[in-house]
Amino acid sequence: MLDREFLRNEPEKVRAAAKNKGEPCLIDEWLELDERRRGHLGETELLRRRRNELSKEVSSLKKEGKEAGSQILESKEASTSLSTIDEELTVVDARMKEMELRFPNIPDPDVPVGKDETFNSVIKSSGEIRTYKFKPRAHWELMGEHLDSKSSGMITGSNFILLRGWAAKLQRILINWMMDFHSDAKMEEVWTPFLATRESMTVTGQIPKLESDMYRVEKDDLFLVPTGEVPLTNIYRNSKLLEKDLPIKIFGYSPCFRREAGSYGKDTRGLNRVHQFEKVEMVRMVKPENSEAALEEMADHVGRMLELLDLPYRVSLLATGDLSFAAAKCYDFEVWSAGQDKWLEVSSISNFRDFQARRGNIKFKPSAGGKPEFVHTLNGSGLALPRIMAALIENGQTKSGKIDLPEVLAKRTGTMTLGGLS
RNA sequence: GGAGGACUAGUCUAAUUGGUAAGGCAGCGGAUUUGAAAUCCGCCGGGUUUUUUCCCAUCGGGGUUCGAGUCCCCGGUCCUCCGCCA
């Protein structure tokens, strides 16, 4: 959500941001309502003031045992006209709030302007892309029956993952390793619910825009979380933190549920795009002046993980058209997929500035005194499992179809090699 | 699913049985002090405003009333208990 004062004073920036993000923009209608609202507000304040005065008079007259008939009558009239104006004010204000939930965040100035991902700029590449003396296979070939699509199809329908044997074990070990890695970096480990209320989903920005992409439990009006960002961020909803509490660095595991309505047919093979995947997510709440540094720090942290996993990766600064609704700036991390000959997105790290904090009313009190300010929120995946699995399997493959593991994982599996096509 | 209780500012706690939100703590600024503690003064929910002022604000939404923290209705969250359950 954007500040009302900002909407009022900088409508052209709001318009430009929406255009660059490919979002509709109702700022003109909003400005009109705002003017109406302020007019009504002045009227109601005068009426209330008069009514308060009369009430005091009535009170003191009654204490003296005198009649207050005329005051009561006038106050009654004031109340009547007040409720008429108030009613309209309520309608206008509700409509404005609804619209405010649909203005996208303003991209940072250094974000490339462009309508889609072709405008993203690669800012870093790391690791050597291995060459193979044979034609590398895709992970679904290497996994064979360990990626049991037939069974998952029976259970939930297409595009769900069912892992068996060594593949299931590898995923469990990866999750543990990731959790330990964050924990060692002095973040607080959190285990959250995996369902969230409509309000929680609104704070982080999935609702209203992406509601149809979410799985919903209708009876309770709960949503299956599309990312751990939702529960982790909402921990601090409606809080007034102290400056000394910042920065808050938390992380947690969650399954992520996405209907991805309309996405069928593209990149849906194997582990690439599924309705449920596993992820370890980091969330931060920081002082506004520190959010840019925090974004870089999180990016470094994720880069180190990929280096330890020995996966070649590149980092892109997303262009406006690829940037999510709530984000001001975002880095995407992609790993090289040897078997599919392409890059797979495994992490995105975003700075939301005060956009989510304003929706969720997350403030902090400066130690130097003064009014509470909104915190800046950030989050980043560290990391998303299925594509990391795919990349590890494809990049580590040997001619015989076995998988060589990076050292950090071999320590945990107790073996350097997994799988093998029999 | 059922019963009872609670909800006031960052936090804790008041408010004439309906009369217009009072304090403590924490925090911030200042005075005093060699320094600190203690003490004293000011600030300490939101909006508006030139400090003033005014309006709003007692979990949310309605209602009764000239006037609601207080009475009534609907909903939420937390706590206790019962039931069900891994």
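Here is the naming used below: chain letters follow the sequence lines, and residue numbers restart at 1 for every chain.
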Chemist: Quick one: list whatever passes ring pair (Phe, Tyr, Trp, His ring centres under 6.0 Å) with A:Phe333, sequence neighbours left out.
Modeler: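 Ring pair (Phe, Tyr, Trp, His ring centres under 6.0 Å) check on A:Phe333 returns A:Tyr313.
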
Chemist: Quick one: on RNA chain B, does A:Lys363 or A:Ser79 contact a more 5' nucleotide (nearest heavy atom)?
Modeler: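 Result of the comparison: A:Lys363.
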
Chemist: Applying salt bridge (charged side-chain N to carboxylate O under 4.0 Å, His left out), can you list everything that pairs with A:Glu98, at least two apart in sequence or on another chain?
Modeler: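 Residues passing salt bridge (charged side-chain N to carboxylate O under 4.0 Å, His left out) with A:Glu98: A:Arg95.
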
Chemist: Could you work out, with salt bridge (charged side-chain N to carboxylate O under 4.0 Å, His left out) as the rule, every residue matching A:Asp110, not counting sequence neighbours?
Modeler: A:Lys329

Chemist: Indicate yes or no: does A:Glu100 engage A:Arg358 in a salt bridge with an N to O separation below 4.0 Å.
Modeler: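 Salt bridge between A:Glu100 and A:Arg358, a charged N being under 4.0 Å from a carboxylate O: no.
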
Chemist: Using a cut-off of strictly less than 4.0 Å between a heavy atom of the residue and any atom of RNA chain B, enumerate the qualifying residues of residues 189-205 of chain A by number.
Modeler: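 Nucleic-acid contacts, sorted: none.
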
Chemist: Quick one, A:Lys287 with A:Glu243, criterion salt bridge (charged side-chain N to carboxylate O under 4.0 Å, His left out). Give me CA distance, side-chain angles, the key distance, then yes/no.
Modeler: CA-CA 8 Å; A:Lys287 288 192 274 175; A:Glu243 181 175 338; 2.9 Å; yes

Chemist: Measure across A:Met285 and A:Tyr236 and return the closest heavy-atom pair with its distance rounded to 0.1 Å.
Modeler: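 Nearest pair, atom of A:Met285 first, then A:Tyr236: CE-CD1, 3.8 Å.
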
Chemist: Output the residues of residues 32-50 of chain A in contact with RNA chain B, where contact means a heavy atom of the residue under 4.0 Å from an atom of the strand; sort by number or write none.
Modeler: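 Contacting residues: A:Glu45, A:Arg48, A:Arg49.
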
Chemist: Tell me every residue that passes ring pair (Phe, Tyr, Trp, His ring centres under 6.0 Å) with A:Phe325, counting only those two or more places apart in sequence or in another chain.
Modeler: A:Phe355

Chemist: Tell me, please, which residues at least two apart from A:Tyr331 pass ring pair (Phe, Tyr, Trp, His ring centres under 6.0 Å).
Modeler: none

Chemist: Can you pull the ring-ring contact (aromatic ring centres under 6.0 Å, His included) pairs that have at least one residue in residues 47-92 of chain A, sequence neighbours excluded?
Modeler: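 Residue pairs passing ring-ring contact (aromatic ring centres under 6.0 Å, His included), neighbours aside: none found.
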
Chemist: Indicate whether any N or O donor in one side chain lies under 3.5 Å from an N or O acceptor in the other, for A:Thr413 and A:Lys169.
Modeler: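 Result is no, nothing qualifies.
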
Chemist: How does RNA chain B look in dot-bracket form if you count Watson-Crick and G-U pairs under 3.5 Å, write [ ] for pairs that cross, and put | where a base pairs with another strand?
Modeler: (((((((..(((......[...))).(((((.......))))).(((......)))..(((((..]....))))))))))))....

Chemist: Which pairs with one or both residues in residues 184-196 of chain A pass side-chain hydrogen bond (donor to acceptor under 3.5 Å, both in side chains), sequence neighbours excluded?
Modeler: none

Chemist: Rounded to whole Å, how long is the line connecting atom CG of A:Asn52 with atom P of B:U53?
Modeler: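 Nearest whole value for this atom pair: 15 Å.
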
Chemist: Residues two or more places apart in sequence or in another chain: which of them pass ring pair (Phe, Tyr, Trp, His ring centres under 6.0 Å) with A:Trp177?
Modeler: A:Phe181

Chemist: Could I get a table of every N or O pair under 3.5 Å where one atom is in the protein and the other is in nucleotides 10-15 of chain B?
Modeler:
unit_1: B:G10; atom_1: OP1; unit_2: A:Lys240; atom_2: NZ; d: 2.6

